[in-house]
Number of protein chains: 4
Amino acid sequence: MKLSEKKLLKKKEEIILSAVKIVNRKGYRRATMEEIAGELLMTKGSLYYYFKNKEDLVFQCHEKVLSQATEELESHLNECISYEEKLRRMIATHIQYAIEEKETFNMIIKPDQTFSTEQLNPILVIRHEYAGLFDRVIREGIAHREFTIKEPKIARMILLGSMNWIQQWYSPQGGKSMEELQEIYADYLIKVVK
Amino acid sequence: MKLSEKKLLKKKEEIILSAVKIVNRKGYRRATMEEIAGELLMTKGSLYYYFKNKEDLVFQCHEKVLSQATEELESHLNECISYEEKLRRMIATHIQYAIEEKETFNMIIKPDQTFSTEQLNPILVIRHEYAGLFDRVIREGIAHREFTIKEPKIARMILLGSMNWIQQWYSPQGGKSMEELQEIYADYLIKVVK
Amino acid sequence: MKLSEKKLLKKKEEIILSAVKIVNRKGYRRATMEEIAGELLMTKGSLYYYFKNKEDLVFQCHEKVLSQATEELESHLNECISYEEKLRRMIATHIQYAIEEKETFNMIIKPDQTFSTEQLNPILVIRHEYAGLFDRVIREGIAHREFTIKEPKIARMILLGSMNWIQQWYSPQGGKSMEELQEIYADYLIKVVK
Amino acid sequence: MKLSEKKLLKKKEEIILSAVKIVNRKGYRRATMEEIAGELLMTKGSLYYYFKNKEDLVFQCHEKVLSQATEELESHLNECISYEEKLRRMIATHIQYAIEEKETFNMIIKPDQTFSTEQLNPILVIRHEYAGLFDRVIREGIAHREFTIKEPKIARMILLGSMNWIQQWYSPQGGKSMEELQEIYADYLIKVVK
DNA sequence: TATGAATGAGGTTTCATTCAT
DNA sequence: AATGAATGAAACCTCATTCAT
């Protein structure tokens, strides 16, 4: 890879980070290209050198965030610990992302509100993959007799649904810290699959 | 109440229903007054005869849906049955709403950073009331030794979050009927509070 | 004239009065038909029974105000007093209207901003008549050797211009009462024509 | 100052001139952003690149015109001539402005209940300064026994009001040239303060 | 006569996008 | 690679006007 390409990628990454920040703060519609550019002391015109359009930029934000999260989840799956412990750690990871990357995660949750059909599909694929990791830990946990339930898919939906909901009410100033939440959620959600 | 007033209210209700539908599909920002009006074969100008502005219209959407749902839940709380059974029925009711009145009920879910502080408060109050009914059944269930958990609020959030999530994937053509879902969810969620 | 016609005229008059009030407060564009009707506990639809459109209504406001003022001016002209005294009284009258019927008078001053060509002409006629009364008192005053100037038309324009300007700064809470202004203006403006 | 900044300012000035023209012709409410832009073969959207909103644009119109006029008047005050002569020249200047820069100068005249209090104040300040120059020449003229009146402020208002009024009727094709008017007005208005 | 309801033209504003430089 | 400037579509909102009842 040439130096110029490297520079290009670095710049793209910077822009994505800025976009993630703004979109998380304001939501997709309210986040303007101008503000995203302003954060980096650029002008909005420049963004179009790096990204085809706003949708494309935000799409790449997702890819980044979600692939990061997926990676983390996978690492937990590969650790040498009990399935319960694996699931605990995956829950903690998901909660962290849901809180810290709130709006970006939100777009993954309701992508059809944001993306055109063309870009919808790749997102659904990543999303499906992501959910699949939870399916796997549950299924394998059942196979190893750590979990007992009959409907692993529905259990997974309960897990993800309840964790995604955290966004609706969580506030850093609220009563519980993120760490506490991670623990309590893990405790209670493990009960579901046990 | 005069006939004309009744008619006015009916029309307002129609508009609200249309608005709920569009807003749920598209989100607050993407839902346009024109589309909301078009659904009813009206023109956007007419909406302003009934509602002060877009915010006001959407606000009344929230208000209506929430207060209606609250009423239904309360009836279950007053039945003479065990707390577990009360909770099962409330879960069934909530799921039924979430599925059959999907678009209407969805409103509860989105708090939207849209509302001016003036209108945000009344919404939060009703929302709080609704959630409070679940809190109550859990707390009282604990007092009667039917449930055992230490964090009833978080349990409630897990319950509501997981149920609201059903909307994201449920389809009548899918594998499970609503009745099956109601049962499985009740089974799994009761485990959380037990 | 039949009773019903009388009633009609009376209602029209009421509406005109309301319109004058609102237009004076807000100006032509900001005064809405709804507000004009509201003042009389009517709905705006009703106004169209009495007036062809907003322009027509406001046009009749003018006619009323200006014909009233003209009448007053004429009465002063016919009093048996010196021309200086006649002019003093006319000045007082004009100032009073300029202050108390501020916006209506304003429309007479700049009618082309408000009226379509069709209605512009009648207004210009009345306006011309009105100014003519000042011309007359000055010309006759010169004929009777009370005044001495060579350019009566320009003097008249100075008089009217300076008085119309009062609107720009006069406030009831200001330092001088209307009565004081009437006197000082008369004193100073008489100097112009002397 | 960089070239680009200069260009920006020039464009802003062009827009201001266009706005002044339209607003004077139609008044604040009737002047549309589209028309103002159209005059310069631009689209209304572009105006928002240069000005925050309509109010801001019109505000800057006022500001510009007023400060420019003030500067010119001040030079006369500093000449070494009698106060009567100073006043004559200031009158001539004001009339010239009112006639030759009719549309630009007209802005001084309309205070429009349009501006938010925030923007109204700076305008009133400059306006006050401008008028203050006439006040000064009259007051100092009194101090030097050239003038005799007791109400210098009101005299000033008569002067400005009558001169501003010229715009309402003056036409180059009319009977009197501007130079004649300047002389006659000076003659008659000096009588007011003598 | 009066009105409730609807309309639609027209206005302001926002902002993603384009493009010459 | 970047930007300043312009654009235009689309959104919200206002309000004079119409008309069936």
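Here the structure is a predicted model, which means the values were calculated and not measured. Convention: sequence-line order gives letters A, B, ...; per-chain numbering from 1. Computed from heavy atoms alone, side chains included, the values below leave out hydrogens, waters and symmetry copies.
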Chemist: B:Ile22 and B:Glu39: which non-hydrogen atoms are nearest, and at how many Å?
Modeler: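 Nearest pair, atom of B:Ile22 first, then B:Glu39: CD1-OE1, 3.7 Å.
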
Chemist: Please find the earliest and latest nucleotides of DNA chain F, in the 5' to 3' direction, that have an atom within less than 4.0 Å of any heavy atom of chain D.
Modeler: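 Span of nucleotides near chain D: F:dG4 to F:dG8.
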
Chemist: Taking NZ from D:Lys26 and P from E:dG10, how many angstroms apart are they, rounded to a whole number?
Modeler: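 It is 12 Å, rounded to the nearest whole Å.
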
Chemist: If you look at every strand shown and take non-hydrogen atoms under 4.0 Å, does A:Lys44 touch a base, only sugar-phosphate, or nothing?
Modeler: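 Base, at least one base heavy atom under 4.0 Å.
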
Chemist: Would you please confirm or rule out a distance under 4.0 Å between OP1 or OP2 of E:dT13 and any side-chain N or O of D:Tyr48?
Modeler: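 True: D:Tyr48 side-chain N/O within range (under 4.0 Å) of E:dT13 OP1/OP2.
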
Chemist: For C:Gly45 and for B:Lys11, locate the closest nucleotide of DNA chain E by heavy-atom distance; then report the residue assigned to the nucleotide nearer the 5' terminus.
Modeler: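 With C:Gly45 and B:Lys11 compared, the 5'-side residue is C:Gly45.
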
Chemist: Between C1' on E:dG11 and OH on D:Tyr28, what's the gap in Å once rounded to a whole number?
Modeler: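 So the two atoms are 11 Å apart, to the nearest Å.
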
Chemist: Between E:dG4 atom P and B:Leu9 atom CG, what is the distance in whole Å?
Modeler: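 In whole Å, E:dG4 P lies 14 Å from B:Leu9 CG.
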
Chemist: So B:Lys7 and B:Lys11, side-chain contact (heavy atoms from CB on, under 4.5 Å) or not? Walk me through it.
Modeler: CA-CA 6 Å; B:Lys7 256 177 144 175; B:Lys11 191 84 194 181; over 6 Å; no

Chemist: Measuring from atom CD of B:Gln60 to atom CD1 of B:Ile16, what distance do you get when rounded to the nearest 0.5 angstrom?
Modeler: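 Going from CD on B:Gln60 over to CD1 on B:Ile16, the span is 5.0 Å.
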
Chemist: Can you tell me the Watson-Crick or wobble partner of F:dA6, both distances under 3.5 angstrom?
Modeler: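 Base partner found: E:dT17.
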
Chemist: So, OP1 or OP2 of E:dT3: does either fall under 4.0 Å of a side-chain N or O from C:Ser46?
Modeler: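 Indeed, a polar side-chain atom of C:Ser46 lies that close.
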
Chemist: Roughly, in whole Å, what's the span from CD1 in C:Ile15 to C1' in E:dA2?
Modeler: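 Nearest whole value for this atom pair: 11 Å.
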
Chemist: Could you tell me the separation between the CD1 atom of A:Ile36 and the P atom of E:dT14, rounded to a whole number of Å?
Modeler: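 Atom CD1 in A:Ile36 sits about 18 Å away from atom P in E:dT14.
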
Chemist: Using purine N1 to pyrimidine N3 plus N6-O4 or O6-N4 for Watson-Crick, or N1-O2 and O6-N3 for G-U wobble, each under 3.5 Å, what pairs with F:dA1?
Modeler: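 Partner of F:dA1: none found under 3.5 Å.
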
Chemist: Calculate the interatomic distance between A:Leu57 atom CG and E:dA16 atom P; express it in whole Å.
Modeler: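 Taking CG of A:Leu57 and P of E:dA16, I get 11 Å after rounding.
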
Chemist: Around atom CD of A:Glu55, are there more than 12 heavy atoms from other residues, nucleotides or ligands closer than 6.0 Å?
Modeler: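 Above 12, so yes.
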
Chemist: Charged N to carboxylate O below 4.0 Å: is that the case for B:Arg30 and B:Glu35?
Modeler: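 Judged by the 4.0 Å cut-off on N to carboxylate O distance, B:Arg30 and B:Glu35 do not form a salt bridge.
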
Chemist: Please work out if B:Ala37 contacts a base, only the sugar-phosphate, or nothing of the nucleic acid, heavy-atom cut-off 4.0 Å.
Modeler: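 B:Ala37: no heavy atom of the nucleic acid under 4.0 Å.
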
Chemist: Return the 5'-most residue of the pair D:Thr43, B:Lys52 with respect to DNA chain F, ranking by each residue's nearest nucleotide.
Modeler: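 Checking each residue's closest nucleotide, the 5'-ward one belongs to D:Thr43.
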
Chemist: Could you tell me the separation between the CZ atom of D:Arg29 and the OH atom of C:Tyr28, rounded to the nearest 0.5 Å?
Modeler: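 Rounded to the nearest 0.5 Å, the CZ-OH separation comes out at 12.5 Å.
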
Chemist: Strictly below 4.0 Å: does D:Thr32 bring a side-chain N or O up to OP1 or OP2 of E:dG11?
Modeler: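 No, outside the criterion.
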
Chemist: Whole angstrom is fine here: how far is it from CG in D:Asn53 over to P in E:dT13?
Modeler: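 So the CG-P distance, D:Asn53 to E:dT13, works out to 5 Å.
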
Chemist: Measure from CE on C:Met42 to P on E:dG4 and round the result to the nearest Å.
Modeler: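 Checked: the CE to P distance equals 12 Å.
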
Chemist: Does A:Lys52 count as lying over the ring of A:Phe59, i.e. NZ or CZ under 6.0 Å from the six-ring centre, within 45 degrees of the axis?
Modeler: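 Checked: cation-pi criterion not met.
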
Chemist: Does atom NZ of B:Lys21 have more than 12 heavy-atom neighbours from other groups under 6.0 Å away?
Modeler: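 No - once you tally the heavy atoms of other residues, nucleotides and ligands closer than 6.0 Å, there are 12 at most.
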
Chemist: Between B:Glu34 and C:Lys54, name the one whose nearest nucleotide on DNA chain F is closer to the 5' end.
Modeler: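 Nearer the 5' end of the strand: B:Glu34.
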
